[in-house]
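See below for the structure under consideration.
Residue numbers begin at 1 in each chain, while the letters A, B, ... track the order of the sequences. We use all heavy atoms of the structure for the numbers below, so side chains are in, but hydrogens, waters and symmetry mates are not.
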Number of protein chains: 2
Amino acid sequence: MAQTDTVTRILDTAEVLFAERGFAETSLRTITSKARVNLAAVNYHFGSKKSLIQAVFARYLDPFTVRFHHALDELEAQYAGGVIPLEVLLETMARTVLDVPAERHSLKVFMKLLGLAYSQAQGHLRRYIQDEYGSVFSRFTDLVRLATPDLPDSERFWRLHFVLGTVIFTLSGLDALRDIAEKDYQEHVSVRDLIRRLRPVVVAAMNAPLPPPPMPKAEAS
Amino acid sequence: MAQTDTVTRILDTAEVLFAERGFAETSLRTITSKARVNLAAVNYHFGSKKSLIQAVFARYLDPFTVRFHHALDELEAQYAGGVIPLEVLLETMARTVLDVPAERHSLKVFMKLLGLAYSQAQGHLRRYIQDEYGSVFSRFTDLVRLATPDLPDSERFWRLHFVLGTVIFTLSGLDALRDIAEKDYQEHVSVRDLIRRLRPVVVAAMNAPLPPPPMPKAEAS
DNA sequence: TCCCGCTGGAAACGAGTGTTTAAAACATTA
DNA sequence: TAATGTTTTAAACACTCGTTTCCAGCGGGA
């Protein structure tokens, strides 16, 4: 192997370029030249650009899933048989998300990638993430169901995605927002600062009163 | 002019293609062939692809801003001098957003475009939207400040972006989420359905208790 | 009638894309 | 040391991209 492994050098370079410019806007030539690696190296080691994108995600999501499963195991043991409170579940997820990139690169990159996974076309990516990491998420939502027995299933489904949107949107667009915030309010916000602000908002959102029942169908949508 | 104006035929086709595949992933050739228009027509009528993208947004945002300004005018007259309640402000914004695409195409396209504007690189777009339509948003946030006097400025700033994230994220990824929801809960959700569910969540998020003060700085971020 | 400013159309340009090839360099084992 | 398998390299391939060029058709004003 070279000074540092070619594979990891490609991954390190690709993840920040993807995060700050998107997938389609980042060419293999940009990646390989910045990583000081031959152009063909990507296709040799990963097979294709698609596979490289998936590999970038795997490097974050693999450690995340094992840590999260582990954390949920501990929680279930701790509350043996009982219900794990919603706040604890959310807190655990947040802590796991925060821990994973700590040992790797920046949390910012991780969140930007998650944001891209949702917004960019890249159908293969959504399918890959769903197939590969869907099970952890279902386990989590099952626990959330136990913690919020009064919420109708569909309502809980939507609210989870509401807060997911809040978190991903905020953290993935953090740089731009932080610039505005610092200019207007002269206060520096760290990621952990943001999480502190997010917590009460997310809890309040999940515990919001139920919406009124839908109007008797007046017009088709 | 042809059967329908070449310019509007380009815009009509471009907006749905952009919405469902992103900007970089949609080529001018795809647009022009689907619109049954010559390839050179885009560069002739709009000058460049960038300008076409901006024109697509302008066709939504121009009517939106005049309507929204008008609605805020009425509100200020109605509450002459007094404070406009937060719920009324949010409701007004939601109604305006809903009204605009009604006379044009789908709300879905509009929200997907907004989502793309945030997530895709396209620096020129963010700048264009900020320069062209930033004033309406500042007027709105000023009114929100009056409605929530107990919220610190920075906290209100972040919470507004939190709920913005919720709305854009949910509505722009609606199709995928709707598929899951329909499969799992056998209920069809319309956009207006979603807004009904969003309302209490957004209000609760804005009115959430303040976060605890930040920890005495332990480690740098 | 000639000329002019627009709009539409086919073809080409030059740059940039992901991917493949075949040879060279290296590393590892026998 | 020789043979083997693995990794790196430079060059080419086959496209696709946004943009430009040049010309044909069209209208109405002089």
Side-chain angles (χ1 to χ4, degrees), chain A residues 1-59 113 116-117 120-125 127-128, chain B residues 1-59 113 116-117 120-125 127-128:
Chain A
M1 76 183 69
Q3 37 183 7
T4 50
D5 198 26
T6 302
V7 172
T8 71
R9 208 153 74 248
I10 292 177
L11 287 173
D12 287 345
T13 313
E15 69 175 25
V16 342
L17 288 177
F18 284 153
E20 61 190 27
R21 309 144 79 128
F23 304 118
E25 294 84 351
T26 307
S27 70
L28 292 186
R29 282 171 174 81
T30 312
I31 297 174
T32 52
S33 76
K34 191 153 198 168
R36 295 197 320 285
V37 155
N38 189 271
L39 168 61
V42 168
N43 284 281
Y44 176 75
H45 287 287
F46 298 93
S48 69
K49 188 180 180 181
K50 280 186 185 179
S51 307
L52 170 62
I53 296 176
Q54 297 179 357
V56 167
F57 275 85
R59 210 163 56 139
L113 289 176
L116 285 179
Q120 303 255 113
Q122 303 290 356
H124 72 96
L125 226 196
R127 248 174 291 120
Y128 170 76
Chain B
M1 76 180 73
Q3 36 184 9
T4 49
D5 197 28
T6 303
V7 173
T8 71
R9 207 151 76 248
I10 291 177
L11 287 173
D12 287 344
T13 313
E15 70 175 25
V16 342
L17 287 178
F18 283 154
E20 60 190 29
R21 308 146 78 129
F23 303 118
E25 293 85 350
T26 306
S27 70
L28 292 185
R29 284 172 173 80
T30 311
I31 297 173
T32 51
S33 76
K34 192 153 196 168
R36 295 195 322 285
V37 156
N38 190 270
L39 168 61
V42 168
N43 284 282
Y44 176 75
H45 287 286
F46 297 94
S48 69
K49 188 180 180 180
K50 281 186 184 179
S51 308
L52 170 62
I53 295 176
Q54 297 179 357
V56 166
F57 275 86
R59 213 164 53 141
L113 289 176
L116 286 179
Q120 302 256 113
Q122 302 290 356
H124 73 96
L125 226 194
R127 249 174 291 120
Y128 169 77

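Using a 4.0 Å heavy-atom cutoff across all strands shown, A:T26 reaches sugar-phosphate atoms only and no base atom.
Of the side-chain N and O atoms in B:N43, none sit less than 4.0 angstrom from OP1 or OP2 of D:dG18. Considering only side-chain N and O atoms, B:H45 lies nowhere under 4.0 angstrom from the phosphate OP1 or OP2 of C:dC6. Between B:S27 and D:dC17, a side-chain N or O to OP1/OP2 separation shorter than 4.0 Å is present. A close approach under 4.0 Å does not occur between any side-chain nitrogen or oxygen of B:S48 and OP1 or OP2 of D:dG18.
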What protein N or O atoms touch nucleotides 9-11 of chain C N or O atoms at under 3.5 angstrom, if any, and at what distances?
residue: C:dA10; atom: N7; partner: B:N38; partner atom: ND2; Å: 3.4

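Regarding A:R9, its CZ atom lies at a distance of 9 Å from the P atom of D:dT8, rounded to whole Å. Between B:I53 atom CD1 and D:dG18 atom C1' there is a gap of 12 Å when expressed in whole angstrom units. Nucleotide D:dT6 holds its P atom 15 Å from the CG atom of A:D5, rounded to whole Å. Distance OH (A:Y44) to P (D:dA10): 17 Å, rounded to an integer number of Å. If you measure from atom CG of B:L52 to atom C1' of D:dT19, you get 14 Å, rounded to the nearest angstrom. One atom, CG of A:L28, and another, P of C:dG16, lie 15 Å apart when rounded to the nearest Å. Atom CD1 in B:I10 sits roughly 12 Å away from atom P in C:dT7 (whole-Å rounding). What separates NZ of B:K49 from C1' of D:dT16 is a distance of 11 Å, to the nearest Å.
B:Y128 has its side chain out of reach of B:I53: every pair of non-hydrogen atoms, C-beta onward, lies at least 4.5 Å apart. Using a 4.5 Å heavy-atom threshold, the side chains of A:L52 and A:N43 count as separate.
Remark: of the listed residues A:R9, A:R21, A:R59, A:K34, A:R59 is the sole one forming a salt bridge (charged side-chain N to carboxylate O under 4.0 Å, His left out) with A:E15. If you run side chain to side chain contact (heavy atoms under 4.5 Å, CB included) between A:L17 and each of A:D12, A:V56, A:T26, only A:T26 comes through.
Summarising the geometry, atom CG belonging to B:L39 is positioned 5.0 Å from atom CZ belonging to B:R29; distances are rounded to the nearest 0.5 Å. Between the CG atom of B:L116 and the CG atom of B:L125 there is a distance of 9.0 Å, given to the nearest 0.5 Å. Atom-to-atom distance recorded for A:N38:CG and A:Y44:OH is 12.5 Å, nearest 0.5 angstrom.
The base of C:dG16 lies outside donor-acceptor range of the side chain of A:R29, with no N or O pair under 3.5 Å.
For the pair B:T32 (side chain) and B:L28 (backbone), a donor-acceptor distance under 3.5 Å is present.
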message: Taking Watson-Crick (N1-N3 plus N6-O4 or O6-N4) and G-U wobble (N1-O2, O6-N3), each under 3.5 Å, can you produce the dot-bracket string of DNA chain C? Use [ ] for crossing pairs and | for inter-strand ones.
response: |||.|||.||||||||||||||||||..||
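For A:S33, the side-chain hydrogen bond (donor to acceptor under 3.5 Å, both in side chains) test picks out no residue, with sequence neighbours left out.
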